[in-house]
Amino acid sequence: GVFNLGDGTNFVKFDGTTLEVTGASITEASIGTLKIQGEAVTAPRSTGGSVSTTFGGTNREICNIPFTMPAIGAGQSAGVMVLGTVNCFSSNSTGTSVRIKIFKDNTQIGSIGMTWASDGVSGCALGKTTQGSGGSATYRLKASCDNNNGGSSTKAGTISGTLLILVGKK
């Protein structure tokens, strides 16, 4: 049978299969799989780090996140979006090109290039990939410098960064 309780605007209805609640506030809940319009939603992971050194042509790791995909079904994969943000600071006024890169293990999946002078620079890079059910990977935010802007190929300074992982089942 159908259970229906409410005033027409705010109500609880259960038809034997689906529980529908309108006008409610849930303070705490334990949910096995949260879905919105049939798509699983996974909470993001984030981390941050900072490196002070002379940056050159070698990729320097700013921070990383080891991530294991939850079990989402045998043979299934999920889309993974990785956002890396950076702030670059230096008292050296010589311009250089800084390359911000996102890696899944050792494979680059996103990057951005910016000109870094004495007043600093901030930016973000976006990477996207897929990861299988139960699969593990380490996502890394790295930086290097070169002279593509006609300036110096090295830069002494500090780069601080943050990595954010967002996962959505395909």
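Residues take their numbers from the sequence shown, with the count starting at 1.
- When every heavy atom of Thr47 is checked against every heavy atom of Ile65, the shortest pair comes out as CG2-CG1, 3.1 Å.
- Under the 4.5 Å side-chain heavy-atom criterion for grouping Ile, Leu, Val, Met, Phe, Trp and Tyr, Ile62 is connected to Ile112 within one hydrophobic cluster.
- Here the closest heavy-atom approach between residue Gly134 and residue Thr68 is recorded as O-CG2, 3.7 Å.
- Atom CZ of Arg140 is separated from atom CD of Glu61 by 4.5 Å, given to the nearest 0.5 angstrom.
- Not a single donor-acceptor pair under 3.5 Å links the side chain of Lys142 to the backbone N or O of Thr58.
- Between the side chain of Lys155 and the backbone N or O of Thr94 there is at least one donor-acceptor pair closer than 3.5 Å.
- For the residue pair Ala117 and Ser93, the shortest heavy atom distance occurs at CB-O, 4.3 Å.
- In this structure, the side chains of Val82 and Lys104 stay at 4.5 Å or more apart for every pair of heavy atoms.
- Contact of the Phe67 side chain with the Gln131 side chain is registered, since non-hydrogen atoms from C-beta on lie closer than 4.5 Å.
- Contact record, Met69 with Ala78: CE-CB, 3.6 Å, taken as the closest heavy-atom pair.
- One distance of note links CE of Met81 with CD1 of Ile165; it measures 12.0 Å at 0.5 Å rounding.
- Under a hydrophobic-cluster definition in which Ile, Leu, Val, Met, Phe, Trp and Tyr are linked whenever side-chain heavy atoms come within less than 4.5 Å, directly or via other members, Val121 and Phe89 are assigned to different clusters.
- Judged by distance alone, with hydrogens and angles left aside, the side-chain atoms of Thr138 form no donor-acceptor pair with the main-chain N or O of Asp105 at under 3.5 Å.
- Remark: Ile159 CD1 to Asn87 CG distance equals 10.0 Å, nearest 0.5 Å.
- Considering CZ of Phe55 and OG1 of Thr158, their distance stands at 7.0 Å, rounded to 0.5 Å.
- The side-chain heavy atoms of Asn59 and Phe103, taken from C-beta on, include a pair separated by under 4.5 Å.
- For Ala156 against Ser90, the heavy-atom pair with the smallest separation is O-OG, 2.6 Å.
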request  = Please test Arg45 against Val167 for side-chain contact (heavy atoms from CB on, under 4.5 Å), starting from the C-alpha separation and ending with a verdict.
outcome  = CA-CA 9 Å; Arg45 310 276 195 290; Val167 179; over 6 Å; no
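- Residues Thr154 and Cys145 fail the side-chain proximity criterion, which asks for heavy atoms closer than 4.5 Å.
- Taking each heavy atom of Gly123 and Met114 in turn, the nearest pair found is CA-SD, 3.7 Å.
- For the pair Arg99/Ser111, no side-chain contact is recorded, criterion being any heavy-atom separation below 4.5 Å from C-beta on.
- Put simply, the residue from Leu83, Thr107, Leu141, Thr129 that forms a side chain to side chain contact (heavy atoms under 4.5 Å, CB included) with Ile102 is Leu141.
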